[in-house]
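Inspection log for the structure reproduced underneath, given as structure tokens.
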There are 2 protein chains.
Amino acid sequence: MFPGDTPETPSNPCEAPRCPTLLEVLTRIGDKWSLCVIGRLYQGPMRFNALKRSIGGVSQRMLTLTLRGLERDGLIQRTVYPTNPPSVEYQLTELGHTLIGPVKAIFDWAEGHRLDIQQARMQFDAQQPGALQDI
Amino acid sequence: MFPGDTPETPSNPCEAPRCPTLLEVLTRIGDKWSLCVIGRLYQGPMRFNALKRSIGGVSQRMLTLTLRGLERDGLIQRTVYPTNPPSVEYQLTELGHTLIGPVKAIFDWAEGHRLDIQQARMQFDAQQPGALQDI
DNA sequence: CTGTATCCGGCGAGATACTG
DNA sequence: CAGTATCTCGCCGGATACAG
């Protein structure tokens, strides 16, 4: 990516540019809908429109793209039943299940420190002269 | 956010829409540069241009925006030394340090399963008829 | 050195219509 | 039901110029 970069193993857990994998994973699960999908499928297999209704607010297009991305990374499995009309079922793969733990760690951190973050934001915003109130 | 939504505590670790905090955190650390910054500051305080050079490939504008976002959330602290020319130092706050653990969990997962993901992608891409090779 | 201000191109994402 | 195709628009982010 950068000229002269050597693919050394990162000694730092956050050596992001040297480790595109982490960035890709975070980009995948950090987007608006992937976590919603994983959360829903965590409870069991689901069909396309059931997912769409369950999540709410997601467009057909974005749900399709999200599902394709997760499927491509091997996190969910897509099964087509050749009924009429056709039905398609999505479920977490084994790999997808292993992601739950780390995500939960982030989740717990976010829950545990949400007040700290809220307070930090309010304090920060209060110190800014003008042009704020985006939340 | 959605009509009829009740602010119940999520029993599912990934109930994202009900828990905007998680989404916000992931959006923050999931963006292209925040993790790079956190990774660099993990090793100690750093000045603006040192960060810029160290990360490489980041524009002044994006680095500034990234730092502002992290500062606003209370993850890093900005200290101005009134020298001439002025120097500004950034460092992780205590809150910022607590984020390292969960991020490392994701990092370890990404490292541990990168081959699985790579293989899943290749397999997925190989099954697609035409129009691929985006990597 | 450490930013802010401005311009602008590209793509992310919603809305809509159409297909098997 | 489960998608694909197309259009459109907003905003993200790079480049550049300027300021304290």
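Order of the sequence lines fixes the chain letters, A, B, ..., with proteins taken first and strands second; residue numbering starts at 1 for each chain.
Between B/K32 atom NZ and C/dC11 atom P there is a gap of 12 Å when expressed in whole angstrom units. Rounded to whole Å, the distance from CD1 on A/I55 to C1' on C/dG14 is 16 Å. Taking atom CZ on A/R68 and atom P on D/dA2, their separation rounds to 12 Å, with Å as the unit. Atom P of nucleotide D/dC12 and atom CG of B/D31 are separated by 11 Å, given to the nearest angstrom. Distance, A/R61 CZ to C/dG14 P: 8 Å, rounded to whole Å. Here D/dG3 presents its C1' atom at 13 Å from CD of A/E71, a figure rounded to the nearest Å. Atom-to-atom, CG of B/N84 to P of C/dT2 comes out at 12 Å; the value is rounded to the nearest Å. Between the CG atom of A/L65 and the C1' atom of C/dG14 there is a distance of 12 Å, rounded to whole Å.
The nucleotide whose nearest atom lies closest to any side-chain atom of A/R78 is, among D/dC1, D/dG3, C/dT4, D/dG3. Considering only the side chain of B/W33, D/dG14 comes nearest among C/dC1, D/dG14, D/dC1. Nearest nucleotide to the side chain of A/V88, out of D/dG3, C/dT2, C/dG14: D/dG3. Taking only side-chain atoms of A/N49, from C-beta outward, the nucleotide of C/dT4, D/dG3, D/dC1 with the closest atom is D/dC1. Counting only heavy atoms from C-beta on, A/Q60 has its side chain closest to D/dG3 among D/dG3, D/dA17, D/dG14.
The heavy-atom pair separating A/I55 from A/C36 by the smallest distance is CD1-CB, 3.9 Å. B/S54 and B/M46 make their closest contact through OG-CE, 4.3 Å (heavy atoms, listed as atom of the first residue, atom of the second, distance). The minimum heavy-atom distance between B/L26 and A/G30, with the atom names listed, is CB-CA, 4.1 Å.
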Should A/L99 and B/W109 be marked as a side chain to side chain contact (heavy atoms under 4.5 Å, CB included) after you check the CA-CA gap, both sets of side-chain angles, and the distance that decides it?
CA-CA 7 Å; A/L99 183 57; B/W109 185 92; 3.7 Å; yes
Show, in sequence, the C-alpha distance, side-chain angles and deciding distance for A/I106 and B/I29, and conclude whether the side chain to side chain contact (heavy atoms under 4.5 Å, CB included) test is met.
CA-CA 10 Å; A/I106 295 280; B/I29 69 172; 4.1 Å; yes
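Proximity of A/R47 to the phosphate of D/dA2: a side-chain N or O atom is located under 4.0 Å from OP1 or OP2.
As judged by a 4.0 angstrom heavy-atom cut-off over every strand, A/Y90 is placed among residues touching the sugar-phosphate backbone only.
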